[in-house]
Amino acid sequence: MDSYEPIFMHGKATLCLLQAKEAIVTINKARELLQTHITMGSGYNRQAARLVMAEVMNEHGQVAVDQLVRELNLEDKFDFRPGMKFTTPGRK
């Protein structure tokens with residue numbers, strides 16, 4: 001079971017968001033999310049797919065990212081290529 005902690009933005013309780021402390025993205029969950037973004041296919045979905053790929057890279061490494069790029073044909077859909085590095089904003 002995931003544990004959640006509140007994040008308060010601008011000091012207003014109405015803008016409280018919940019964020020998982022240790023969200024681990026499995027390859028199957030990433031595949032499911034990416035297929036949803038492929039179906040929708042907008043620029044916003046491309047950005048969301050980049051974030052999913054960044055999480056996969058953080059959790060599983062470049063080999064898993066390259067496998068998803070090839071398997072889901074992300075080169076044609078979002079111009080993601082094998083060997084591309086994906087990073088999560090705010091992480092070093």
Side-chain angles (χ1 to χ4, degrees):
M1 180 165 210
D2 291 331
S3 58
Y4 293 90
E5 68 181 25
I7 297 175
F8 295 95
M9 301 179 70
H10 307 292
K12 296 182 181 180
T14 56
L15 295 176
C16 178
L17 303 174
L18 292 177
Q19 179 182 33
K21 283 185 178 180
E22 295 182 24
I24 296 175
V25 177
T26 65
I27 298 295
N28 288 334
K29 182 63 175 177
R31 186 179 294 114
E32 179 183 319
L33 290 169
L34 289 166
Q35 287 170 339
T36 300
H37 292 302
I38 289 167
T39 302
M40 294 178 168
S42 75
Y44 293 110
N45 295 105
R46 182 179 191 276
Q47 181 62 22
R50 290 176 64 93
L51 293 173
V52 171
M53 295 298 274
E55 288 301 316
V56 170
M57 180 167 260
N58 287 336
E59 297 291 333
H60 305 285
Q62 187 68 48
V63 173
V65 168
D66 292 346
Q67 176 186 344
L68 287 170
V69 168
R70 288 184 189 100
E71 180 183 327
L72 298 174
N73 197 21
L74 296 177
E75 198 164 349
D76 290 339
K77 306 294 183 188
F78 295 126
D79 200 31
F80 296 170
R81 301 185 189 290
M84 276 182 84
K85 305 290 185 205
F86 295 92
T87 58
T88 304
R91 283 194 187 170
K92 293 182 180 182

Quiz item: Under the 3.5 angstrom rule, does the side chain of His60 hit a backbone N or O of Val25 as a donor-acceptor pair?
Solution: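 Flag set: sc His60 to bb Val25 pair under 3.5 Å.
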Quiz item: How far apart are the C-alpha atoms of Leu34 and Lys77, what are their side-chain angles, what is the distance that settles it, and do they pass the side chain to side chain contact (heavy atoms under 4.5 Å, CB included) test?
Solution: CA-CA 11 Å; Leu34 289 166; Lys77 306 294 183 188; over 6 Å; no
Practice problem: Please name the pair of heavy atoms, one in Ala48 and one in His37, separated by the smallest distance, quoted to 0.1 Å. | Solution: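 Answer, listing the atom of Ala48 first, then His37: CB-CE1, 3.3 Å.
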Quiz prompt | Atom of Asp66, atom of Gly83 and distance for their closest heavy-atom approach | solution =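 Nearest pair, atom of Asp66 first, then Gly83: OD1-N, 2.7 Å.
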Quiz prompt | Gap separating the CG atom of Asn58 from the OG1 atom of Thr88, nearest 0.5 angstrom | solution =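 The distance works out to 4.5 Å.
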Quiz item: Rounded to the nearest 0.5 Å, how far does CZ of Arg50 lie from CE of Met84?
Solution: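 Met84 atom CE to Arg50 atom CZ measures 5.0 Å (nearest 0.5 Å).
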Quiz item: How far apart are the C-alpha atoms of Thr39 and Asn45, what are their side-chain angles, what is the distance that settles it, and do they pass the side chain to side chain contact (heavy atoms under 4.5 Å, CB included) test?
Solution: CA-CA 9 Å; Thr39 302; Asn45 295 105; over 6 Å; no
Exercise. Just grab all the salt bridge (charged side-chain N to carboxylate O under 4.0 Å, His left out) pairs involving residues 35-48, residues at least two apart or on different chains.
Key: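 Listed by first then second residue: nothing to list.
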Quiz item: Which residues satisfy the side chain to side chain contact (heavy atoms under 4.5 Å, CB included) test with Arg31, sequence neighbours excluded?
Solution: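 Only Ile27, Asn28, Gln35, Gln67, Leu68, Glu71, Leu72 meet the side chain to side chain contact (heavy atoms under 4.5 Å, CB included) criterion with Arg31.
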Self-check item: CA sep, side-chain torsions, deciding dist, call: Phe78, Ile38, side chain to side chain contact (heavy atoms under 4.5 Å, CB included)
Solution: CA-CA 8 Å; Phe78 295 126; Ile38 289 167; 3.8 Å; yes
